[in-house]
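We count residues from 1, following the sequence as given. All heavy atoms count here, side chains included; hydrogens, waters and symmetry mates do not.
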Amino acid sequence: AKRITTFLGFEDEVVMSFVMSQLEENRDGEKVDPLGIQINLTGFLERNTPIFMGELWRLLISAQENFTIDATGKPILGVPTELLEQKKQELEASREQADRIEAALRSRREEAEKEAEAGGGGGVNPPPP
C-alpha cells in the first residue's frame, strides 16, 4: 500500500483493492497472472509498474518461503522477511524512544528530589508573612 501511494502520489483504495483482487485465486481455480497484473496496473502506475511488480514479486516469494503448517496440516500464509525486519526495526525504535523518555523523567525526578532535600523548595517562594 505504501509503495502504491508513493508511486501515485496519493492514497488510492481502488488501486490497492484491485491489486489485492488480482493476487487472489478466482473461483474457477484460475491462477494469478503476473503479466496480466502488470498490464492492468500500467494505466495507474505508468513507468513505475515494472518496479512495483518486481518489488511485489520479491515480497510474495519471501512470504511463500516463510509459510508454516497448522495443527490440521493446512498452510498458514507467511510474512515476507523484509516486512518482519521492518516491523522489528520499528519496535526497536519505539523501545529506544520509550527508554530515552524514561531516562529523562528519572533524571528530572532525581533533580527535583535533590532540590527538595537541599531546601530549594523547587523554585517556589514561600508566602509572605
Quiz item: Would L45 and I51 count as a side chain to side chain contact (heavy atoms under 4.5 Å, CB included) if you check the C-alpha gap in whole Å, the side-chain angles of each, and the deciding distance to 0.1 Å?
Solution: CA-CA 10 Å; L45 302 179; I51 298 167; over 6 Å; no
Quiz prompt | Distance (rounded to the nearest 0.5 Å) between L35 CG and N40 CG | solution = 9.5 Å
Self-check item: Shortest non-hydrogen contact from T49 toward T42
Solution: OG1-CA, 3.3 Å
Without placing hydrogens or testing angles, list every side-chain donor-acceptor pair under 3.5 Å for residues 11-20, not counting sequence neighbours.
unit_1	atom_1	unit_2	atom_2	d
D12	OD1	V14	N	3.0
D12	OD1	V15	N	3.3
S17	OG	E13	O	3.0

Practice problem: Begin from the C-alpha positions of K114 and E110 and carry the test salt bridge (Lys or Arg N to Asp or Glu O under 4.0 Å) through to its verdict. | Solution: CA-CA 6 Å; K114 286 179 184 177; E110 289 171 358; 5.7 Å; no
Quiz item: Between E90 and K87, does at least one N-O distance fall below 4.0 Å, as a salt bridge requires?
Solution: yes
Quiz item: In Å, rounded to the nearest 0.5 Å, how long is the span from CG of L56 to CD1 of I61?
Solution: 9.5 Å
Self-check item: Partner residues of R100 under the side chain to side chain contact (heavy atoms under 4.5 Å, CB included) criterion, sequence neighbours left out
Solution: E96, Q97
Quiz item: Which distance, rounded to the nearest 0.5 Å, do you find between the CZ of R3 and the CG of L59?
Solution: 10.0 Å
Quiz item: Is the side chain of S62 donor-acceptor paired with the backbone N or O of R58 at a distance under 3.5 Å, no angle test?
Solution: no
Quiz item: Honestly curious: do I39 and I4 fall in one hydrophobic cluster under the side-chain, below-4.5 Å linking rule?
Solution: no
Exercise. Quick one: closest heavy-atom pair of M53 and P34, and the distance?
Key: CE-O, 3.6 Å
Exercise. Might you confirm whether atom CD of E55 has over 12 heavy atoms from other residues, nucleotides or ligands at distances under 6.0 Å?
Key: yes
Exercise. Would you indicate whether the side-chain heavy atoms of E85 and E82 approach each other to under 4.5 Å?
Key: no
